Each structure stands twice: as structure tokens, then as C-alpha cells.
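Everything numeric in this text was worked out from a predicted model, so none of it was measured. Start at 1 and go down the list; that is how both ligands and their atoms are numbered.
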Amino acid sequence: MRNRRRKSNSKRGLDGTRILLIVTGGIAAYKSVFLVRLLKRSGAEVRVVMSEAATRFIAPLTFEVLSENPVSSDLFASRESPVVGHVELATWADRAIVAPATADFIAKAALGLADDLASTVFLAARCPRHFAPSMNTGMWKNPAVRRNIDTLQGDGCLFVDPGAGGLACGESGTGRMAEPETIVKAIETSLGPGELEGVRFLVTAGRTEESIDPVRYISNRSSGRMGFAIATEARRRGARVTLIHGPVDVPPPNADSIRRVTTAAEMKTAVRRAFPGCDVLVMAAAVADFTPVKRAGSKVKRNSGAVSIELKATGDILASLAEKKNKTQVVIGFALETENAEANVLKKIKAKRCDYMVLNMTGEGTGFSVPTNQVTIYRGPRKILSTSIVTKEEAASAILDRIASDGRIKQARQ
Ligand SMILES: Cc1cc2nc3c(=O)[nH]c(=O)nc-3n(C[C@H](O)[C@H](O)[C@H](O)COP(=O)(O)O)c2cc1C
């Protein structure tokens, strides 16, 4: 049997959230090792930056292994190192969390100092920032520390306050870093329900393969990256995602349900079956337009003469859904054009009765098999956005930003 159902991954609290963990030089750094495990278990992608002092408490290797990413602590690390630069880290993160946050780091952050990698990344980050302070009670109660915390709270930083109890210094009082579970909960709570919470997305991705004989097929260069980026982004915003994909070049992301197909006919059957249960269909898959009229039962032999393969058109999935579509469903088609793009897209929108159409052109850095794309989004015949060449993740985000405000999608939110 060709169609395979893959076990879905149920949605977790921080699924797809990119967390930047800044570990500073407190004794509680050992607790941040558990924090990384919990963040990962909650579905987050984690990158760790350590202050120089933090590396005296815990070896970067521990965080490297648990986060499955390189750990940085040197602002001036060689450009050839595998470690990502401070600006890239700062823009990558959806959330930054300083845990443990020393009195020293809190003071630097309040003043806007940037004299090492940890403080520079923190200052450059535009995402919401959390602190889990950890220090001796005397430090915690010190008016200078209180002033710095007030300043940071005034700047919008969120604090997970330390607990009371026995401290590493032998004293007892407030200053013990909050437990990792509490920190993860605080981050999850701060994320709130996503703007696509509960919206049922059906996303297709990848290419299809049409057999000529048992060993050869006709296909295209779609890698699956664009559809996968949409599935990931929709899920990150709270949607429930069913993913149907053909052959691809990259591993599929987590989804609530995943189905793998091979041919255009299989894709059509799977999409038509899943369509009634979705609020939004995103047809990002590059489904073959043609399939051989006959599939040879055994390998076609080479001979001296020319070989011709007769092709017939495959069934148009989007057009076949037009009469099934109800008023509340939103359909987003993708078109790849090499010429007369706008005229062709407008024709397709009409013929396939799509609510939105995403046009990508072939060219350097756009279209199939590359990690970047340049997309133009149409709502009906109206062009609503044209991006420059951006990563497919950024393109996915731009597409979902536009459709999230669609009244039907707002209605479908739970
Ligand atoms: C054993 C030991 C434990 C420490 N624990 C803490 C702590 O829990 N909280 C704190 O604010 N500073 C603590 N410090 C002091 C910091 O390590 C020191 O202020 C350092 O400069 C912090 O650097 P950073 O903020 O760049 O990581 C500790 C120092 C030592 C030697």
C-alpha cells in the first residue's frame, strides 16, 4: 500500500516557539539544565547563550547536548565558528529568558550595558523577555536590585520571582530560583492563545511522482519547504494542522495529523477526504499537472529509436473542491509561473474559486528547491502583498499575517 499514515504528534504548550535561554553566573545554573529539558519537552526550539561566569558553574557542553544546538558565550567568536552571531540570535528568538538571572546581569540589563555576548543579545532582542532571578536574600532585598527590577519591569520585562527556602550560601530566605516547571508555565501563560487557536488547517506540501514504469517517474523540484513552513507557522499560532505531503527533501514538521502520499491521484483523494473537516485549505503542494496515460508493467528498454510517453492531465484538486466548499471555508492556492504571471494567476483564481492565491516565480532565490522565496499574495483579483526574497519561514509568516485577519478565520477561532 502506498499511502502511509504517520503517527501524529499531539500539540504541546510551546510547540515551535523559539526560546533563547541566557544563563548567567549563579549557583542555580544547574537548574537551567532541567529547564532546557522541559522547554524541549514542551515543544520549544532552544538556543543557549552563557555569560563567562556561567561557564564556571556548568560546562557549555551540557547545554549543547540538551538543546541540540551550539552554545555561545564569546561575543568575539571567530566568524568561521558554527556559533550564530548575536544579532541573528536576537532576531531568531520568539522569547528570551534569563535563568538564572544574577544581580549583576539584572543591573547590566537595567542600564542597557552590552559588554559581553549575553548582555548584547539581551539588549538586541525585540521579543518579550523574562527573568528568573536567583541570588542571596541580602542581594534580593538590596534597594539597588529592587530599583533595577522596577526599571526592567517598566520596560516590559516579565519576572518569575524567586521562591523562599534554604539557599546555597547556607542562609534561608527569598532568593532561590523558581523551579523550571514554574518558569515553563510562566512562558506558556505569557504566550496566551494564538491568533489561530483551534482553527483547523489542511496544508499540502511537496511534490507528486507519476510512474512511467516500475523504476521511473515524472515529477518536479518542489522540496516541501514552503508547505512545511506554513504548517509550522500555523501550528505556532495555535492552529490544528493536518498535513498531507508527497515526496520531499526535508523532514516533515510536527503536525496534529500527517499523511504521506505519492501520486497526484492519491493527493486528490486524501485532500478531498480531509477537506470537509477543515476551516482553511492551503494547497502548497506542487501536484503534477500530467501523468502517463499508461504505466508500463516492466522497465521500458532502451532501443535505438525515440521513445514517446503519452501524457494526460491529472485531476485539478482545487477546481474539484469548488462545489464542495462552504461559505465559511477559506481556500488558498499556490501558483508557480515562469511568464505572464499576473494574467495567469488571475485566471487561476477565477477558475479554481480560490479566496487567496500565492504566486511564486521561478528565478534565483525563489520557487522550488531553495530555502528562500519571493511571494505575491492575491485576495481575489486584488494584490495584497508582495515580498522581497525572504526565507520560506518569513514568507509563511507574511501569508498567515494576511489571512489571520480574514473574518471567516476569526469566526473559526475557538
Ligand atoms: C559560588 C558562587 C555562587 C554565586 N551565586 C550567585 C547567585 O546565585 N546570584 C548572583 O546574583 N550572583 C552569584 N554569584 C556571583 C556572580 O557569579 C558574579 O556576580 C558574576 O560576576 C556574575 O556574572 P554574570 O552576571 O556575567 O553571569 C555567585 C558567585 C559564586 C562564586
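Residue, atom and distance of the protein heavy atom nearest to atom 15 (C) of ligand 1 are G25 O, 4.0 Å. Distance from atom 6 (C) of ligand 1 to its nearest protein heavy atom, with residue and atom name: G26 CA, 3.6 Å. Regarding atom 19 (O) of ligand 1, its nearest protein heavy-atom neighbour is D104 CB, 3.8 Å. The nearest heavy-atom contact from the protein to atom 11 (O) of ligand 1 is A103 N, 2.8 Å. Distance from atom 20 (C) of ligand 1 to its nearest protein heavy atom, with residue and atom name: A53 CB, 4.0 Å. Looking only at heavy atoms of the protein, atom 9 (N) of ligand 1 is closest to S134 O, 2.8 Å. Ranking the protein heavy atoms by distance from atom 29 (C) of ligand 1 puts F57 CZ, 3.9 Å first.
Heavy atoms of A28 stay at 4.0 angstrom or farther from ligand 1.
The atoms of ligand 1 that sit less than 4.0 Å from any heavy atom of M135 are 8 (O), 9 (N), 11 (O). Heavy-atom contacts of I27 reach the following atoms of ligand 1: 5 (N), 8 (O) (cutoff under 4.0 Å). Of all the atoms in ligand 1, the ones that sit under 4.0 Å from a non-hydrogen atom of M139 are 10 (C), 11 (O), 12 (N). For ligand 1 and S51, the ligand atoms under 4.0 Å from any heavy atom of the residue are 24 (P), 26 (O), 27 (O). The T24 neighbourhood of ligand 1 comprises atoms 27 (O), with distances under 4.0 Å to a heavy atom of that residue. Each of the following atoms of ligand 1 lies closer than 4.0 Å to a heavy atom of T102: 10 (C), 11 (O), 12 (N), 24 (P), 25 (O).
Annotation: R221, atom CZ; neighbour count of heavy atoms from other residues, nucleotides and ligands within 6.0 Å does not exceed 12. Other residues, nucleotides and ligands contribute only 12 or fewer heavy atoms inside 6.0 Å of the CZ atom of F34.
Between T328 and Q411, the side chains place no donor N or O within less than 3.5 Å of an acceptor N or O (distance only, hydrogens not considered). Counted by atom type alone, T151 and N148 present zero donor-acceptor pairs between their side chains at under 3.5 Å. S51 and R56 are not linked by any side-chain donor-acceptor pair at a separation below 3.5 angstrom, with hydrogens and angles left out of the test.
With salt bridges taken as basic N to acidic carboxylate O contacts below 4.0 Å, none links D155 and R129.
Under a cutoff of 6.0 Å and an axis angle of 45°, R176 and W140 do not form a cation-pi pair.
The main-chain N or O of A286 is found under 3.5 Å from a side-chain atom of N220 such that the two form a donor-acceptor pair. With hydrogens and angles disregarded, a donor-acceptor distance shorter than 3.5 Å links the side chain of D256 to the backbone of V241.
Protein heavy atoms are found less than 4.0 angstrom from atom 13 (C) of ligand 1.
Taking the six-membered ring for Trp and the full ring otherwise, Y356 and F334 have centroids separated by 6.0 Å or more.
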